[in-house]
Amino acid sequence: MNITIEKTVYGQLLAKSQPKPILNEEDNDLALAEVDFLMSKEELTVEEETLLSLWGLLIEEYESKYYPIPEATPQDVLLHLIEVRELKQADLVGVIGSKGVVSEVVNGKRAISKAQAKALGEFFNVNPSVFI
């Protein structure tokens, strides 16, 4: 799908907004303000959507460098899913094993096996690889 951008309109937006690589917190704050402004509009033109995407890429690049999100461990994923689904350890008995096995897995004393990962994937309706 080709989107036609009106060059003059987009050029005016670029001149006003002046997107550039984000090098520090001040730059990041200015970029976030630009995004907030664009997001506050009820409807965006094609040119505004393009500018918003550009700002998003610049912010993502900066924040991934300075605010990296650590990889979640299989146990972290399991604990998160238990919490958001408001489950108890007892709800996993039979899914991945006995009460003792569930307790060991949840408390990080036992690694999640491939068979348990598959069962948890089916139970939570997620890709089993998040548990490995």
Side-chain angles (χ1 to χ4, degrees):
M1 176 172 119
N2 276 343
I3 299 173
T4 305
I5 295 175
E6 178 60 46
K7 290 180 183 180
T8 305
V9 173
Y10 188 58
Q12 289 170 347
L13 284 172
L14 288 172
K16 182 179 178 194
S17 183
Q18 298 185 358
K20 63 182 183 66
I22 299 171
L23 303 175
N24 54 49
E25 280 301 312
E26 184 179 343
D27 291 348
N28 195 44
D29 290 342
L30 291 171
L32 291 170
E34 290 289 332
V35 168
D36 285 344
F37 171 74
L38 290 167
M39 295 290 291
S40 71
K41 298 181 108 183
E42 283 194 33
E43 280 193 50
L44 296 176
T45 64
V46 172
E47 296 80 13
E48 290 169 330
E49 287 177 3
T50 303
L51 180 60
L52 180 61
S53 294
L54 176 59
W55 277 119
L57 290 170
L58 293 168
I59 292 167
E60 181 181 2
E61 180 182 352
Y62 176 80
E63 291 186 351
S64 68
K65 183 176 179 180
Y66 293 101
Y67 301 104
I69 298 172
E71 289 276 328
T73 67
Q75 181 193 18
D76 293 335
V77 173
L78 178 58
L79 291 173
H80 175 72
L81 290 170
I82 288 171
E83 180 183 340
V84 297
R85 303 244 176 124
E86 298 179 352
L87 300 174
K88 295 181 175 24
Q89 287 185 22
D91 296 321
L92 298 179
V93 172
V95 176
I96 59 171
S98 68
K99 184 178 178 181
V101 170
V102 170
S103 177
E104 289 178 347
V105 168
V106 168
N107 292 308
K109 295 180 180 175
R110 178 188 289 231
I112 299 172
S113 71
K114 288 182 183 178
Q116 290 169 328
K118 183 178 179 188
L120 287 168
E122 290 174 11
F123 182 78
F124 287 109
N125 198 29
V126 296
N127 189 320
S129 68
V130 301
F131 299 111
I132 297 176

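Numbering starts at 1 and runs along the sequence shown.
- Shortest non-hydrogen contact noted between Pro128 and Ala117 is CB-O, 3.4 Å.
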Extract all donor-acceptor atom pairs below 3.5 Å that involve side chains of residues 74-83 and protein atoms in other chains or at least two apart in sequence.
from, atom 1, to, atom 2, distance (Å)
Gln75, NE2, Val106, O, 2.6
Asp76, OD1, Thr73, OG1, 3.4
Asp76, OD2, Thr73, N, 3.1
Asp76, OD2, Thr73, OG1, 3.0

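- Hydrophobic clustering, with ILVMFWY side chains joined whenever heavy atoms are under 4.5 angstrom apart, keeps Ile69 apart from Tyr67.
- Residues that satisfy the salt bridge (Lys or Arg N to Asp or Glu O under 4.0 Å) test with Lys16, not counting sequence neighbours, are absent from this structure.
- Residue Leu120 holds its CG atom at 5.0 Å from CZ of Phe131, rounded to the nearest 0.5 Å.
- Neither Phe123 nor Ile132 shares a network with the other; the hydrophobic side chains, linked directly or stepwise wherever heavy atoms of I, L, V, M, F, W or Y lie under 4.5 Å apart, form separate groups for each.
- Here the CD atom belonging to Glu25 is positioned 8.5 Å from the CG atom belonging to Leu32, to the nearest 0.5 angstrom.
- In the hydrophobic clustering of this structure, Val126 groups with Val105; members are Ile, Leu, Val, Met, Phe, Trp, Tyr whose side-chain heavy atoms approach within less than 4.5 Å, directly or through other members.
- Using a 4.5 Å heavy-atom threshold, the side chains of Glu34 and Pro19 count as separate.
- Take Glu104 and apply the salt bridge (Lys or Arg N to Asp or Glu O under 4.0 Å) test, not counting sequence neighbours, and it matches Arg110.
- Side-chain contact between Tyr66 and Asn24 is absent, with no heavy atoms from C-beta onward closer than 4.5 Å.
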Which donor-acceptor pairs under 3.5 Å do side chains of residues 49-61 form with protein atoms, sequence neighbours excluded?
from, atom 1, to, atom 2, distance (Å)
Thr50, OG1, Val46, O, 2.8
Ser53, OG, Glu49, O, 3.1
Trp55, NE1, Ser17, OG, 2.7

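- Between Lys41 atom NZ and Asp36 atom CG the span is 14.0 Å, to the nearest 0.5 Å.
- Under the 4.5 Å side-chain contact rule for hydrophobic residues, Leu13 and Leu30 do not share a cluster.
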Legend entry - CA sep, side-chain torsions, deciding dist, call: Phe124, Val84, side-chain contact (heavy atoms from CB on, under 4.5 Å): CA-CA 11 Å; Phe124 287 109; Val84 297; over 6 Å; no
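- Every residue meeting the side chain to side chain contact (heavy atoms under 4.5 Å, CB included) condition with Val93, not counting sequence neighbours, appears here in chain and number order: Lys99, Val102.
- Put simply, the side chain of Asp91 never gets that close to the backbone of Leu87: no donor and acceptor are under 3.5 Å apart.
- Linking ILVMFWY residues whenever their side-chain heavy atoms come closer than 4.5 Å, directly or via other members, places Met39 and Leu44 in the same cluster.
- Note on residues 115-132: pairs passing side chain to side chain donor-acceptor pair (under 3.5 Å), not counting sequence neighbours, are Ser113-Gln116, Asn127-Ser129.
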